[in-house]
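Okay, structure first, notes after.
When reading the values below, keep in mind they use all heavy atoms of this one structure, side chains included, and skip hydrogens, waters and symmetry mates. Note that the structure is a prediction, hence the values are computed from the model and not measured. The residues of the chain are indexed from 1 along the displayed sequence.
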Amino acid sequence: MAFTLKDGGTSFQFPVNPEEVSISRSKGYETINMLEHGEFDFAQGEKVKEITFSSFFPKEYDAFYCMYEDLPDPRVAMNVLNTFLISKKPLRLIISETGVNVPVFIVSLNSSFRGGETGDIYFDLTLRTWRDSKVEKVGSAASGSKSGSRTDLKKSSKTYTVKSGDSLSKIAKLELGSSSKWNEIYKLNAKIIGSDPNRIKPGQKLVIP
């Protein structure tokens with residue numbers, strides 16, 4: 001088993017595995033107090049996971065607990081963790097043989113020294129899993145966006161059905177407020193009306209500008 005933090009192309013493996021790892025999971029709830037009915041809890045989804053473990057950076061190699069021989073200087077190793085701590089980009093925590101491979105931020109790093117173990121640095125580490133804040137569209141709206149189509153916000157064209165006794169000037173007066181605008185209606189409907197604007201027929205559907 002190996003504990004590794006990756007920051008892009010930089011990979012840092014902890015030289016001594018922790019004795020245990022604590023992974024905290026919880027579900028968010030919103031509590032609403034309704035008059036005369038009391039409190040009601042509404043689930044808000046899974047909260048961010050918290051991962052904690054403790055270990056140390058040894059000054060000297062010991063095959064009994066060290067994962068590899070080429071150990072980093074404990075102070076250099078702590079500087080690496082401090083750099084990760086202040087980084088604004090998520091890291092990736094990988095714990096081999098466990099299936100843990102998640103983006104995280106270091107949110108807490110505590111170090112200590114112990115008498116009789118000169119040069120060794122002990123630390124407690126707390127990480128929180130990172131989740132992208134993007135919200136994906138679902139349903140028909142999503143499928144519409146994938147195809148590149150957009151909802152047409154333009155108003156649909158208004159139409160008028162010709163009645164017996166109608167003329168373009170009469171329709172223009174009713175629909176456009178002025179009989180002199182009959183030519184505007186004719187231009188839009190010339191294919192339907194034909195070459196003579198005075199010969200409109202009942203039942204014809206004319207587009208009104």
Side-chain angles (χ1 to χ4, degrees), residues 5-11 23-51 84-94 98-107 127-209:
L5 278 174
K6 288 190 174 182
D7 179 19
T10 303
S11 182
I23 300 178
S24 174
R25 297 179 178 88
S26 61
K27 192 170 187 177
Y29 284 90
E30 180 181 1
T31 300
I32 296 177
N33 195 327
M34 300 179 67
L35 294 177
E36 299 182 2
H37 296 285
E39 292 185 345
F40 290 85
D41 287 333
F42 294 89
Q44 300 295 306
E46 185 181 12
K47 285 187 175 181
V48 175
K49 299 181 184 70
E50 193 168 85
I51 303 171
F84 288 164
L85 175 65
I86 63 177
S87 174
K88 295 182 178 180
K89 297 188 298 182
L91 310 165
R92 180 160 291 275
L93 173 65
I94 302 173
T98 66
V100 174
N101 186 335
V102 292
V104 296
F105 280 109
I106 295 178
V107 296
L127 311 101
R128 300 191 76 190
T129 55
W130 175 79
R131 208 162 39 188
D132 195 342
S133 59
K134 292 181 180 178
V135 179
E136 296 183 0
K137 294 182 179 180
V138 295
S140 59
S143 60
S145 62
K146 288 180 181 179
S147 62
S149 63
R150 292 184 176 181
T151 303
D152 188 1
L153 299 180
K154 294 181 180 179
K155 293 182 179 179
S156 57
S157 299
K158 184 179 180 181
T159 59
Y160 178 88
T161 302
V162 178
K163 302 178 182 63
S164 178
D166 278 344
S167 65
L168 290 184
S169 59
K170 179 180 178 181
I171 296 171
K173 178 67 175 177
L174 290 171
E175 298 295 330
L176 303 178
S178 174
S179 59
S180 63
K181 294 182 178 181
W182 67 268
N183 196 39
E184 296 179 21
I185 299 176
Y186 178 67
K187 287 179 180 179
L188 288 176
N189 300 278
K191 290 183 179 180
I192 298 174
I193 298 172
S195 59
D196 188 351
N198 295 314
R199 303 187 66 176
I200 59 175
K201 300 176 182 179
Q204 289 178 328
K205 287 188 176 182
L206 306 181
V207 177
I208 304 300

Anything under 3.5 Å between a donor and an acceptor, one on a side chain of residues 192-208, the other on a protein residue two or more places apart or in another chain? List them.
from	atom 1	to	atom 2	distance (Å)
D196	OD1	N198	N	3.0
Q204	OE1	K201	N	2.9
Q204	NE2	I192	O	3.4

(request) Find the distance between CG (L91) and CG (D7) and round it off to the nearest 0.5 Å. (result) 5.5 Å

(message) Please report the interatomic distance CG(L93) to NZ(K6), rounded to the nearest 0.5 Å.
(response) 11.5 Å

In chain order, what residues pass the side-chain hydrogen bond (donor to acceptor under 3.5 Å, both in side chains) check against [X], with sequence neighbours excluded?
X: N183; value: none
X: N189; value: none
X: S11; value: none

(request) With sequence neighbours left out, write down each residue that passes side-chain contact (heavy atoms from CB on, under 4.5 Å) with S87, or none if nothing qualifies. (result) K89

(request) Go through the steps to decide whether D166 and Y160 satisfy the test side-chain contact (heavy atoms from CB on, under 4.5 Å), and finish with yes or no. (result) CA-CA 11 Å; D166 278 344; Y160 178 88; 2.8 Å; yes

Check: residues 168-177 side-chain donor-acceptor pairs under 3.5 Å, at least two apart:
from	atom 1	to	atom 2	distance (Å)
S169	OG	S167	OG	3.2
E175	OE1	K158	NZ	2.7

